[in-house]
Amino acid sequence: MNKNIFFEKISEEIQEYAKVHAVKKNQKFYFETSLVEYTKQHSSNAIKYNEGYYSKIFNKETKVVLTASITSLFNFINKNYPKTPILFSTGFFKGKSVRVRIIKEEIDFTTVPTIEKILKNEPKGYNEKVQKLIVECAKKQLKLSQNDKTVIVYSTSENKSMGELEEESGELITFTKRFTYFWLKLDAKKGYYLDNLNPIKIND
Amino acid sequence: MPPFCDAITNNLVAAKNKGAILLFSEEKKEDKPKTALFIYQTIAAPLLETVFTTVAVGLFAIIGIIMYTNSDGTYLEIPWPEYNGWTSESNLTSHFNTHAGEFGYQYLYQFEDACKKNYESSDSLTSKKYIEQSDQGNVFIVRNIISRMVSMVNEQGKMIACYTVGETELNSKLKNKGWKAIPKLPSCYMLI
């Protein structure tokens, strides 16, 4: 993609995000870049009712970068995925492409309570209960300490029963500069756990 | 004549100014129409009707938003975001793998397309809108009453989830997750 077009597009994305979330547009943002490739191969992970459903699958590599500079972001993408079309939304695109999106504005971790503090608090209501479980599982599975901090970018219920609660999917960022997607589930043997974890190092 | 919105068809239709028609017919019986009556017929009545209807429908629209988006009674106008793809490919495929069987979709693109269309048809007669206000921001939800498909979009217009929600589950979400129903408003309330 032409540098000027990239600047124009990503500036629009930043402006829109800043407007919606009432944040400054010249600050640092976490950007996710994903290399996506649609092929006609079948997935080895296809589950039973989906067997043979793939006419297209993607192999991808995801990176996260924290920056306020559009030039740095453009150089980062060009260095990692040279001559690859850049898209700003999900959707089908034949061959390889790089998807770019804003995850969140830079987190001020000084205002975030430690894991220890969150786990000590008695949760009030449904959402706090679920969020405490997510933090508890993240601490265990991402090997975080009591003094570490973690921020849930978003989480949403999944309408899959987990006792009196529902499964929950979302994304989180840790103070140790890791970003991951997650899906909170309940297993009869191992209890609550985060599925689909794929911690990605945040390039700062 | 000013058009008005027909809530059933969501179409703009020409308003029938019955009052004015009646007055004009009465006027013909008189040889000398009074100036005040003439002004009322030609300017004041249509103007008053337009202003009244605009204010009434406008208030209805505003009240609808306030009642269901802000519990402390203050005005808060939240625009309904346009669909802008899924948050990520991982999220899309996770939802497809978990929920596509609920709808019987065989292909990823069918699932993605159906979730998008469901969100975009929020003004249809078979759809209902909800909003969830969480610590991480607002979530905009559209549920189709017949298929029970729910499409959930964040403030950036990115789809975060898509699955089926039955009546029992809906009541649970209204209670536990703080989903708030948004009243259906006519899509064409511009009167001027």
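Just so it is clear, the model here is predicted, and its values are computed rather than measured. First the proteins, then the strands, lettered A, B, ... as listed; each starts at 1.
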Participant: Check the pair B/Lys177 / A/Glu168 against salt bridge (charged side-chain N to carboxylate O under 4.0 Å, His left out), numbers first and verdict last.
Facilitator: CA-CA 12 Å; B/Lys177 295 293 290 182; A/Glu168 190 101 353; 3.4 Å; yes
Participant: For A/Trp183 and B/His95, what are the C-alpha separation, side-chain angles and deciding distance, and is it a side-chain contact (heavy atoms from CB on, under 4.5 Å)?
Facilitator: CA-CA 10 Å; A/Trp183 195 300; B/His95 277 85; 4.0 Å; yes
Participant: Chain B heavy atoms under 4.5 Å from A/Asn159: which part of the residue, side chain, backbone, both or neither?
Facilitator: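 Both parts, backbone and side chain.
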Participant: From B/Glu155 CD over to A/Tyr154 OH, what is the distance, rounded to the nearest 0.5 angstrom?
Facilitator: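 Answer for the CD-OH pair, B/Glu155 versus A/Tyr154, is 14.0 Å.
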Participant: Select one option (side chain, backbone, both, neither) describing which atoms of B/Ser94 are under 4.5 Å from chain A's heavy atoms.
Facilitator: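 Looking at B/Ser94, backbone and side chain both touch chain A.
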Participant: State whether the number of non-hydrogen atoms from other residues, nucleotides or ligands found under 6.0 Å of A/Lys132 atom NZ is greater than 12.
Facilitator: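 Atom NZ in A/Lys132 is packed in, count exceeds 12.
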Participant: Which value, rounded to the nearest 0.5 Å, describes the distance between A/Ser157 atom OG and B/Met152 atom CE?
Facilitator: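 Between atom OG of A/Ser157 and atom CE of B/Met152 there are 5.0 Å.
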Participant: Given a strict heavy-atom distance threshold of 4.5 Å, which part of B/Lys158 is in contact with chain A: side chain, backbone, both, or neither?
Facilitator: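 Side chain of B/Lys158 only, per the 4.5 Å heavy-atom cut-off to chain A.
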Participant: For the atom pair CD1 (B/Ile160) and OG (A/Ser169), what is the distance rounded to the nearest 0.5 Å?
Facilitator: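 B/Ile160 atom CD1 to A/Ser169 atom OG measures 7.0 Å (nearest 0.5 Å).
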Participant: Between A/Thr90 (side chain) and B/Gly85 (backbone), is there a donor-acceptor pair under 3.5 Å?
Facilitator: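 No, A/Thr90 side chain to B/Gly85 backbone: no donor-acceptor pair under 3.5 Å.
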Participant: Chain A heavy atoms under 4.5 Å from B/Val139: which part of the residue, side chain, backbone, both or neither?
Facilitator: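 For B/Val139, neither part sits under 4.5 Å from chain A.
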Participant: Got a second to check how far B/Asn154's CG is from A/His21's NE2, nearest 0.5 Å?
Facilitator: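 It is 6.5 Å, given to the nearest 0.5 Å.
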Participant: Do A/Tyr181 and B/Asn91 have side-chain atoms, one donor and one acceptor, less than 3.5 Å apart?
Facilitator: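 Judged by distance alone, the side chains do pair up.
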Participant: Can you tell me if CZ on A/Phe175 sees more than 12 non-hydrogen neighbours from other groups inside 6.0 Å?
Facilitator: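 No, the 6.0 Å shell around CZ holds no more than 12 heavy atoms from other groups.
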Participant: Name the region of B/Ser88, side chain, backbone, both or neither, that has any atom closer than 4.5 Å to a heavy atom of chain A.
Facilitator: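 Both backbone and side chain.
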Participant: Working to the nearest 0.5 Å, report the span between CG of B/Asn84 and CD of A/Glu13.
Facilitator: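 Going from CG on B/Asn84 over to CD on A/Glu13, the span is 6.0 Å.
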Participant: Without hydrogens or angle criteria, can the side chains of A/Lys160 and B/Thr98 be said to hold a donor-acceptor pair below 3.5 Å?
Facilitator: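 The criterion, which ignores hydrogens and geometry beyond distance, is not satisfied for B/Thr98 and A/Lys160.
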Participant: Evaluate whether atom NZ of B/Lys128 has more than 12 neighbouring non-hydrogen atoms of other residues, nucleotides or ligands under 6.0 angstrom away.
Facilitator: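 Yes, NZ of B/Lys128 has more than 12 neighbouring heavy atoms, counting only those of other groups under 6.0 Å.
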Participant: Answer yes when B/Lys173 and A/Glu166 have at least one side-chain N-carboxylate O distance shorter than 4.0 Å, and no when they do not.
Facilitator: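 So B/Lys173 pairs with A/Glu166 through a salt bridge.
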Participant: Can you tell me which residue among A/Ile152, A/Thr156, A/Val153 is in a side-chain contact (heavy atoms from CB on, under 4.5 Å) with B/Gln136?
Facilitator: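 Between B/Gln136 and the candidates, side-chain contact (heavy atoms from CB on, under 4.5 Å) is satisfied uniquely by A/Ile152.
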Participant: In Å and rounded to the nearest 0.5 Å, what is the CG to CD distance from A/Leu35 to B/Glu89?
Facilitator: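 It comes to 10.5 Å.
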Participant: Answer with side chain, backbone, both or neither: which region of A/Gln131 has an atom nearer than 4.5 Å to a non-hydrogen atom of chain B?
Facilitator: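 Side chain of A/Gln131 only, per the 4.5 Å heavy-atom cut-off to chain B.
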